[in-house]
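To keep things clear, I will list the structure first and then write my remarks on it.
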Amino acid sequence: MAAEPSILSVEGVSRSFGGIQAVDNCSFEVPPGRITGLIGPNGAGKTTVFNLITGFLGAHRGSIRLQGREILGLSPHRVERLGVVRTFQHLRLWGKMSVLENVLLGCATAAGENVFSLFLRAGAVRAEEQRARERAMEVLRFFELTDRALALAEDLAYPEQKLLSMARIFATDAPVLLLDEPTSGLDSESLGRIVPLVRRLVDHGKTVLLIEHNMELISELADQVVFLHQGRVLAAGPPAEITRDPALTEIYFGV
């Protein structure tokens, strides 16, 4: 049987900061319509890999391709336009804007962004704005945030802010979502709300690459796991295989 084609491919990527090699000849594949977990001990290079994929950092060598197209070295805005969006550990919400307005930012369309359209195609812009608002409300329903639509983002409880950060990137319609520790800092009740939503992202046609430190959740959520250590991929495979490997657990937990 032929290998399943990847939607996102990272090949031989390296990045250093001074004398520190943060990512070292890193290679892995992300299959479409699946959840891939990126795990490893603190300092393994996971967030640096996210920054490289999304254009917030440049690499010293290597290749990152989205559906066969090279995206390494493109600006974050261009990478987002091509179909890769991300959340951040520090959520980066617009605190003084409403929940609905935060999601509307993800629904921006070309008609609304073109200054000439504001004057020459005002009717089209209004129609686009209405469609964006309808789309934003659909997204809020998906993330169970409709009753908080008019609340300021800064007034949400932390678990709700986590949901909002995911809702905002989901609204972009990008096919590839990068989630940076989506469950960090959450209690068991909040996990019970967020974890099923992460799985439902795939049911709605998304491909998910996530950084996660909770090994039980990785085993529950991920279809495959990539294990990073000192910027290198030590192993990749099914969660049960990776999380039960004694050598890897020794590296991960330091015991």
Practice task
Check the pair T172 / E80 against side-chain hydrogen bond (donor to acceptor under 3.5 Å, both in side chains), numbers first and verdict last.
Solution key: CA-CA 9 Å; T172 66; E80 179 177 331; 5.7 Å; no
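- Nearest heavy-atom pair across Q161 and A153 is NE2-O, 3.0 Å.
- Side-chain contact, E212 with T183: a donor N or O sits under 3.5 Å from an acceptor N or O.
- Checked by atom type, the side-chain pair S184/K162 shows a donor-acceptor distance below 3.5 Å.
- For L91 against S165, the heavy-atom pair with the smallest separation is CD2-OG, 3.9 Å.
- Salt bridge R199/D223: present, at least one basic N to carboxylate O contact under 4.0 Å.
- For the atom pair CD (E70) and OG (S63), the distance works out to 3.5 Å, reported to the nearest 0.5 Å.
- At a threshold of 4.0 Å, the pair R65-E11 counts as salt-bridged, since one of the basic side-chain nitrogens sits closer than that to a carboxylate oxygen.
- Hydrophobic clustering of Ile, Leu, Val, Met, Phe, Trp and Tyr side chains at less than 4.5 Å, counting indirect connections, keeps V85 apart from F88.
- Side-chain contact between H204 and L201 is absent, with no heavy-atom pair separated by less than 4.5 Å.
- Closest non-hydrogen pair, P32 versus P5, comes out as CD-O, 2.9 Å.
- For E216, the CD atom sits in a loose shell: 12 or fewer heavy atoms of surrounding residues, nucleotides or ligands are nearer than 6.0 Å.
- Annotation for H229 and P41: closest pair ND1-CG, 3.7 Å, computed over non-hydrogen atoms.
- Rounding to the nearest 0.5 Å gives a distance of 12.5 Å between CZ of R141 and CD of E144.
- Across all their heavy atoms, P159 and S190 have their closest contact at CG-OG, 3.2 Å.
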Handout entry: Worked verdict on F28 versus F227 for ring pair (Phe, Tyr, Trp, His ring centres under 6.0 Å)
Key = CA-CA 10 Å; F28 63 90; F227 192 104; over 10 Å; no
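- Hydrophobic cluster membership is shared by L191 and L210, with clusters built from Ile, Leu, Val, Met, Phe, Trp and Tyr side chains linked at under 4.5 angstrom.
- Put simply, the side chain of V99 reaches to within 4.5 Å of the side chain of L156, judged on heavy atoms.
- No side-chain heavy atom of I35 sits less than 4.5 Å from a side-chain heavy atom of L209.
- Relative ring orientation between H213 and Y252 is described as tilted, the plane-to-plane angle lying within the 30° to 60° band.
- The shortest distance between side-chain heavy atoms of Q230 and Q21 does not fall below 4.5 Å.
- Atom CG of L72 sits about 12.0 Å away from atom CZ of R61, to the nearest 0.5 Å.
- The closest side-chain heavy-atom distance from V208 to L179 is below 4.5 Å.
- Note that OG of S6 and CG of L66 are 11.0 Å apart. Values are rounded to the nearest 0.5 Å.
- Between T207 atom OG1 and R34 atom CZ the span is 9.5 Å, to the nearest 0.5 Å.
- Across every non-hydrogen atom of C107 and A136, the tightest pair is SG-N, 4.0 Å.
- Residues I242 and P239 form no side-chain contact, since every pair of their non-hydrogen atoms from C-beta on lies 4.5 Å or further apart.
- Taken together through direct or relayed side-chain contacts under 4.5 Å among Ile, Leu, Val, Met, Phe, Trp and Tyr, L221 and L178 form parts of separate hydrophobic clusters.
- Because its NZ or CZ atom is not both nearer than 6.0 Å to the ring centre of F143 and within 45° of the ring axis, R148 does not count as a cation-pi partner of that residue.
- Using a 4.5 Å heavy-atom threshold, the side chains of V49 and I53 count as touching.
- One hydrophobic cluster, built from ILVMFWY side chains closer than 4.5 Å, cannot hold both I251 and V23; they sit in different ones.
- Under the 3.5 Å distance criterion, the side-chain polar atoms of E134 are left unmatched by any main-chain donor or acceptor of R131.
- E160 is listed as a side-chain neighbour of R193, based on a closest heavy-atom distance under 4.5 Å.
- A salt bridge between K46 and D180 is absent, with no side-chain N of the basic residue lying under 4.0 Å from a carboxylate O of the acidic one.
- In this structure, R168 fails the cation-pi test against F170, since its NZ or CZ atom is not both closer than 6.0 Å to the six-membered ring centre and inside 45 degrees of the ring normal.
- Taking the centre and axis of the six-membered ring of F50, the NZ or CZ atom of R86 falls outside the cone set by 45° and 6.0 Å.
- Side-chain polar atoms of N51 and T48 form no donor-acceptor pair below 3.5 angstrom.
- Here N102 contributes atom CG and L164 contributes atom CG; the two are 5.0 Å apart, rounded to the nearest 0.5 Å.
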